[in-house]
Amino acid sequence: MIIHGIINGNYSGRHRGHRVPKAQSRKKLLKRFCFALRLSSYSYITQGRKIMDILQGLNPQQRDAVTHINGPILVLAGAGSGKTRVIIYRIAHLLSQGISPKHILAVTFTNKAAAEMKKRIEQFNETMDINGLWINTFHSASLRILRAHYPKKNFTIYDESDKSTVVKAVLKETNYDVKPNSVGSFISQCKNKMQTPSNHKPINFWEERMLNCYKLYQEQLEKHNGLDFDDIIMKTIHLFQESPQVLSHYQTRFNYLMVDEYQDTNYSQYLLIRMLAEKHHNICVVGDDDQSIYGFRGADISNILNFEKDYPSIKTVRLEQNYRSTKPILDTANRVIEFNRNRKGKQLWTEKTVGAKVEFRLLRNEHDEANFVVRTISEAMSRENRKLIDFVVLYRVNAQSRVLEDAFRMANIPYTIVGGMSFYSRKEIKDILSYLKIIVNPLDAVALKRIVNVPSRKIGASLVEKLEKYATINNLHLFEAMEKAELIDTLSDTQVKAVERFIKLIKKFMAIKDTMSISKLLNMLLLDSGYLESLKQEKTEEDKDRIENIKELVNVAVEFESKEQGIGLEDFLGSISLVANIDLWDDSSCVTLMTLHNVKGLEFPYVFLTGMEEGLFPHINSLNSDNIEEERRLCYVGMTRAKEKLLMTAASSRKLYGYGTGMPSCFILEAGIR
DNA sequence: TTATGATGGCTTTTT
DNA sequence: GCCATCATAA
Ligand SMILES: Nc1ncnc2c1ncn2[C@@H]1O[C@H](COP(=O)(O)OP(=O)(O)OP(=O)(O)O)[C@@H](O)[C@H]1O
């Protein structure tokens, strides 16, 4: 059976995540995966090119920003005005001026954007060495710094699901009846604001309980030597605060700082940059206050709006020409965003004064909507000679993708979905990565408990409980308790044997981990742990897929090793933890489906904005919490992705939790579409 | 220890 | 309305 859709290694929950890309698509996924992992610097020599050449392809304002080398600079400009281009050209220009790549740090929003930027800079064809140039996300840059200086270097990274595991354990312990998610986001918010359990004062009972959860959670993480995503930034700042010489090292090293998408930075990220820029103030940030869409995870527009307060000598550059969209699209987007009150208004014009008009279609239900999208794409392909990669279908929530996906599959149109169940969150991948985590960091009890009995080794829940009890009483880590299994008198002989066998397995790999390549280690692990064998025994389709996925992970390791010489297991694990859905995106000959959040920074000739209904978009929660401005910005982001055609749709009735109001979104009215 | 039904959760999500 | 997770029973 050939499945046209799932090409990207993303799996909608529809088939309970068991559906897997076929062979050809796997290769693609692999390629992309490795590309996304190419995070650190590497050497690259190119042929000469003059400064003037670099400055060509820029308008006077952009040139102004690019050639302003020393001192703080803010580029505050609307969508598609060439802000990202400024950063790319600025780096190329700095290098052409003889500035060492080692002195440059550029921060992007995603790994994909970082990789893209690096590629573009290489293409400048200068005789320049970009060895030592850092283009990273906040997280991957911070991770590199922590790896080099954190006291306990073998820490492992806790992803959202690991975090949730710990939070649930904490809730069980405290008997609090609150949703794990709300605790998780409370903790996140605190960390984003640099609040530790001790320096945060609770203002009410609820906060007091939350704070208690935070405290217990953090104790667990410290004990396991695990860092969650927010810790990566927070701990880097703590490191800088506690070790002035480390901070000083990076302040001197990174003489030129640049941040893209600055409007979506949170407080901790702001602080990190401010610390690094403190000595020289050579900082260039670019962004658009109208495109701040990550408020829900702590992003704070005032970072960009108040930027000048920290740097009084700032040079501010406005870019006013939009190079992306036609006038009808730009006008529509501008009309909508002008309904926001909390913004710095800006002018935007385009040379593309003629273009297809922006359309809105109200369909009967979500199936009609999906079929309409599919039909419109087929027609545009045959009539206007459009290609699959010209299209993007956007939606507010991931749950909307299912119906669209079905329609694409029915119509046999290749598509790819960004988001949903990704490769690295699959069970078998997480299992194998957990083995690796323990080998690196045996204190990681989340990883340990995850695989201690996978495949089954007769170390079930009750036995683990006994071990944990022993560990707690004797103030030991779970792993240490397991090492001492023979001393625990509540265990039977067979139980002791089972535990000892497991410990022996792990210790063997701990001893050899640095003596061989990661892929070789992985292959050995797959055999010795019995993991592969246990899958081979079960002959279901699902298990075959799992084996394929595991093979793919081995390939990722092979690829990774060939790119990065002398890479350690820690670095491999770290890089994998920081790979985002959008980093894995590859649009080669398919239509792309994704959420509005994921599309930020991208552009497409033909954009569908689906589910334009009151309650869905703007989302009901934002209406309740008086946060419609962020929704409107999201709408602005979506609209301004379109180069040539913007087509919005809504459904009068929709079967999707409580969203079915059927009323067209207020944004449609604001856009002035009849 | 695994299969099953009940339960609750449901925005975006980093990374 | 749909799905994942969890507790329970076989
Ligand atoms: N001076 C220029 N001349 C021609 N094309 C340009 C120029 N500057 C930018 N562009 C093109 O305009 C498009 C948008 O540029 P870019 O992505 O840098 O804008 P942006 O401001 O970062 O956009 P957004 O904020 O919407 O993500 C790109 O296709 C880019 O190649």
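Source: prediction; values computed, not measured. Protein chains get the first letters and strands the later ones, always in sequence-line order, with residue 1 at the start of each.
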TODO: Examine the base of B/dT11 for any acceptor or donor lying under 3.5 Å from a partner atom in the side chain of A/Arg396, and report the outcome as yes or no.
DONE: no

Open item on the list: Need one value for A/Glu631: base, sugar-phosphate or nothing, where a base atom within 4.0 Å counts as base even if backbone is also close, heavy atoms only.
Closed with: base

Task: A/Asn398 side-chain proximity, nearest of B/dT15, B/dT12, B/dT14 - done: B/dT12

- [ ] State, without any angle test, whether A/Lys430 and A/Ser161 hold a side-chain donor-acceptor pair at a distance under 3.5 Å.
- [x] yes

Open item on the list: Under 4.0 Å, counting only non-hydrogen atoms across every strand here, what does A/Glu630 touch: a base, just sugar-phosphate, or nothing?
Closed with: nothing

TODO: Take atom NZ of A/Lys458 and atom P of B/dT2, then tell me their distance rounded to the nearest Å.
DONE: 10 Å

TODO: Supply the atom-to-atom distance A/Arg396 CZ to A/His619 NE2, rounded to the nearest 0.5 angstrom.
DONE: 6.0 Å

- [ ] Figure out the CG/P separation between A/Leu578 and B/dT14, and round it to whole Å.
- [x] 11 Å

- [ ] Would you verify whether the NZ or CZ of A/Arg297 falls within 45 degrees of the ring axis of A/Tyr294 while also being under 6.0 Å from that six-membered ring's centre?
- [x] yes

Task: Stacking check A/Phe296 vs B/dT12 (5.5 Å / 30 deg) - done: yes

Task: Length of the CG-P vector between A/Leu656 and B/dT12, whole Å - done: 10 Å

Open item on the list: What is the distance, to the nearest angstrom, from the CZ atom on A/Arg402 to the P atom on B/dC10?
Closed with: 17 Å

Task: A/Asn627 side-chain N/O to B/dT12 phosphate OP1/OP2 under 4.0 Å - done: no

- [ ] Assign A/Phe109 to base, sugar-phosphate, or nothing according to its heavy-atom contacts below 4.0 angstrom with the strands shown.
- [x] sugar-phosphate

Task: A/Thr649 and A/Leu609, any side-chain heavy atoms less than 4.5 Å apart - done: no

Open item on the list: Which nucleotide wins on minimum distance to the side chain of A/Ala580, given the candidates C/dC6, B/dT12, B/dT15?
Closed with: B/dT15

Open item on the list: Among residues 225-235 of chain A, which ones have heavy-atom contacts with DNA chain B below 4.0 Å?
Closed with: A/Phe229

Open item on the list: Heavy-atom count check: over 12 atoms from other residues, nucleotides or ligands less than 6.0 Å from A/Lys427 NZ?
Closed with: yes

Open item on the list: Does A/Lys458 have more than 12 heavy atoms from other residues, nucleotides or ligands lying within 6.0 Å of its NZ?
Closed with: no

Open item on the list: Just to be sure I understand the rule, does A/Asp159 reach a base, reach only the sugar-phosphate, or reach nothing, if contact means heavy atoms closer than 4.0 Å?
Closed with: nothing

TODO: Test for a donor-acceptor pair under 3.5 Å between the base of B/dT11 and the side chain of A/His619, counting only N and O atoms.
DONE: no

Task: Inter-nucleotide P distance (C/dT5, B/dT12), Å rounded - done: 15 Å

Task: Separation of atom CD in A/Glu366 from atom P in C/dG1, rounded to whole Å - done: 11 Å

Open item on the list: Checking side-chain polar atoms at under 3.5 Å, does A/Arg274 have a donor or acceptor matched by the opposite partner on A/Tyr270?
Closed with: yes

TODO: Establish, for the pair A/Arg209 and A/Tyr214, whether the NZ or CZ atom is under 6.0 angstrom from the six-membered ring centre and no further than 45 degrees off its axis.
DONE: no

Open item on the list: Just the rounded figure in Å: distance from C1' of B/dT14 to CD1 of A/Ile293.
Closed with: 12 Å

- [ ] Would you indicate which nucleotide in B/dT1, C/dC6, B/dT13 comes nearest to any side-chain atom of A/Lys168?
- [x] C/dC6

Task: Whole angstrom value for the distance that separates C1' of B/dT14 from CG of A/Asp264 - done: 11 Å

TODO: Identify whether any heavy atom of A/Ser456 sits under 4.0 Å from a base atom; if not, whether one sits that close to sugar-phosphate; answer base, sugar-phosphate or nothing.
DONE: nothing

Open item on the list: For a quick check of understanding: with a heavy-atom distance under 4.0 Å over all strands, which category does A/Lys191 fall into, base, sugar-phosphate or nothing?
Closed with: nothing

Open item on the list: Tell me whether the side-chain N/O atoms of A/Ser622 come closer than 4.0 Å to OP1 or OP2 in B/dT11.
Closed with: no

Open item on the list: Would you say A/Asn181 places a side-chain N or O within less than 4.0 Å of OP1 or OP2 belonging to B/dG9?
Closed with: no

Open item on the list: Can you confirm whether or not the ring centre of A/Tyr250 sits under 6.0 Å from the ring centre of A/His149?
Closed with: yes

- [ ] Send over the distance from A/Lys600 NZ to B/dT15 P, rounded to a whole Å.
- [x] 10 Å

Task: 5' priority, DNA chain B, between A/Ser188 and A/Ile459 [closest heavy atom] - done: A/Ile459

Open item on the list: Just N and O in the side chain of A/Asn598: are any of them under 4.0 Å from OP1 or OP2 of B/dT12?
Closed with: no

Open item on the list: Closest approach to the side chain of A/Asn111, judged atom by atom: which nucleotide of B/dT15, B/dT11, C/dA7 is it?
Closed with: B/dT15

TODO: Using the closest heavy atom to pick a nucleotide of DNA chain B for each, name whichever of A/Lys179 or A/Tyr294 lands nearer the 5' end.
DONE: A/Lys179

- [ ] Enter syn or anti for the glycosidic conformation of B/dT12, syn applying to angles within 90° of 0.
- [x] anti

